[in-house]
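Presented below is the structure to which this report refers.
Below, chains carry the letters A, B, ... as their sequence lines are ordered, and counting in each starts from 1.
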There are 2 protein chains.
Amino acid sequence: MVRSEARTRKSEETRERLLDAAAKVFRDKGYAGARLCDIAERAGMHTPGVYYYFPSKEELVEEVLRVGVARTRGYVQERVAGLAESASALDRLRAAIEGHVLMVLEIGDYTSANIRIFGQVPDDVRARHLGDQRAYGGVWRALLEDARAGGEIRSDLDLGVIRMLILGALNWTAEWYRPGPQTATEVAREATAMICDGLGVR
Amino acid sequence: MVRSEARTRKSEETRERLLDAAAKVFRDKGYAGARLCDIAERAGMHTPGVYYYFPSKEELVEEVLRVGVARTRGYVQERVAGLAESASALDRLRAAIEGHVLMVLEIGDYTSANIRIFGQVPDDVRARHLGDQRAYGGVWRALLEDARAGGEIRSDLDLGVIRMLILGALNWTAEWYRPGPQTATEVAREATAMICDGLGVR
DNA sequence: GTCTATACACGGATAGAC
DNA sequence: GTCTATCCGTGTATAGAC
């Protein structure tokens, strides 16, 4: 019993190493450009070893996508929930923006992988993943609608479009940000400033 | 002389058909996912025909990238230049936002292709293309700095980061927008509203 | 200029030993 | 569980006819 548990744990760890490696390689090379041998090597094994854990490249990428949204949603919700009761709806939106940026730039290889490869995976994989994606979109929809209901944001905006513009600004950071000139927190600060308050002088 | 000119013109047209096809296929499938046979078929020829016009897949994608930024920059600058003399720096920024969005969503297959595949092409192709990309970035840098110099936008922002956040919000529309609920012009309007004025009530 | 035929390399996936 | 060996489909690229 103990032995088999230990074995299971080791297997669990290897599977995770493999997923971690897959997230990084998919993010860097894209779906079609990522080779299973690159992923295997990064996880310290050879190509066929992958097939002990996942039946195909498609199922591997699917799991990366799934973990990506799940962790992102969890982290963003946690940050929003961690605010004081007195926080305004706009403050909650700011917290979500900051959380999402930190996941993309610092914490989440799975998050950045998800962002970069979602548009490249085979149609059936993307179709199966759409539900998870929409659930995360729902978090943002609620934040925006709360803010509008509370009169904290303008009433003349199409919140569906605004939601995608916000996520676009944040997701695109995965394409250009390199640590150095600015920290991820600074990028998040610029984002909340522009999105909530605009560039124009007040 | 006439004969050879006619031949050259036809060749020129075929080359353009091929590039048009390449832009669409690269945009839809990504760089690695795009097959030369897909591109050739869409252009009404067979795979080897491609090699009469381009020596390799890399040089083909390079040309698509080049045309993409060139046209985008041209169109955006044209729109900005078309404004009345009395236009403010913020109005000029709004015109650039609208122009860029229209290129991504309606006019420019090469623009959307560029956006979606730039991060996927082989390193040497991307390196050769960086100069063009930066030149277009310069257009936006100038617009933002003019606005700041004129006191039309807040002085506490990092314009380098802001520039990338703006382009991110606009570029990401290529990932989610489908004609239907909103027109491209409406998306552009939401973008200018959020970016220049912010979500918060004034 | 564009075709058919084909060389050639590569990457996903399987077989079977250990 | 992970290895070596290998199959096989696919995609870039070339040869050479028309």
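Residues from residues 13-40 of chain B that place a heavy atom under 4.0 Å from any atom of DNA chain D, listed by number: B:Ala34, B:Arg35, B:Leu36. For the contact set between residues 48-67 of chain B and DNA chain C, defined by any heavy atom under 4.0 Å, the members are B:Pro48, B:Tyr52, B:Tyr53.
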Output side-chain donor-acceptor pairs under 3.5 Å for residues 42-55 of chain B, partner residues at least two apart or in another chain, one line each.
none

Pairs under 3.5 angstrom only: tabulate donor-acceptor contacts from the side chains of residues 154-166 of chain B to other protein residues two or more places apart or in another chain.
from	atom 1	to	atom 2	distance (Å)
B:Arg154	NE	B:Asp156	OD1	3.3
B:Arg154	NH1	A:Ala193	O	3.4
B:Arg154	NH1	A:Gly198	O	3.1
B:Arg154	NH2	B:Asp156	OD2	3.0
B:Asp156	OD2	A:Arg189	NH2	3.4
B:Asp158	OD1	B:Gly160	N	3.0
B:Asp158	OD1	B:Val161	N	3.3
B:Asp158	OD2	A:Gln182	NE2	3.4

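Applying the side-chain hydrogen bond (donor to acceptor under 3.5 Å, both in side chains) test to A:Arg73 and every residue at least two apart in sequence or in another chain returns nothing. With sequence neighbours left out, A:Glu98 forms a side-chain contact (heavy atoms from CB on, under 4.5 Å) with A:Arg79, A:Leu102, A:Ala188.
Side-chain contact of A:Thr111 with A:Asn114: a donor-acceptor pair under 3.5 Å is absent, judged by distance alone.
With respect to A:Glu63 and A:Arg15, a salt bridge is recorded, a charged nitrogen being found less than 4.0 Å from a carboxylate O. Ion pairing of A:Arg27 with A:Asp109 is present here, as a side-chain N (NZ or NE/NH1/NH2) and a carboxylate O approach within less than 4.0 Å.
In this structure the side chain of A:Trp172 reaches within 4.5 angstrom of the side chain of B:Ile115, judged on heavy atoms.
The shortest distance between the side-chain N/O atoms of A:Ser11 and the OP1/OP2 oxygens of D:dG1 is below 4.0 Å.
Rounded to whole angstrom, the span from the CE atom of A:Met45 across to the P atom of D:dG1 amounts to 11 Å. Straight-line distance from the CZ atom of A:Arg9 to the P atom of D:dG1: 13 Å, rounded to whole Å.
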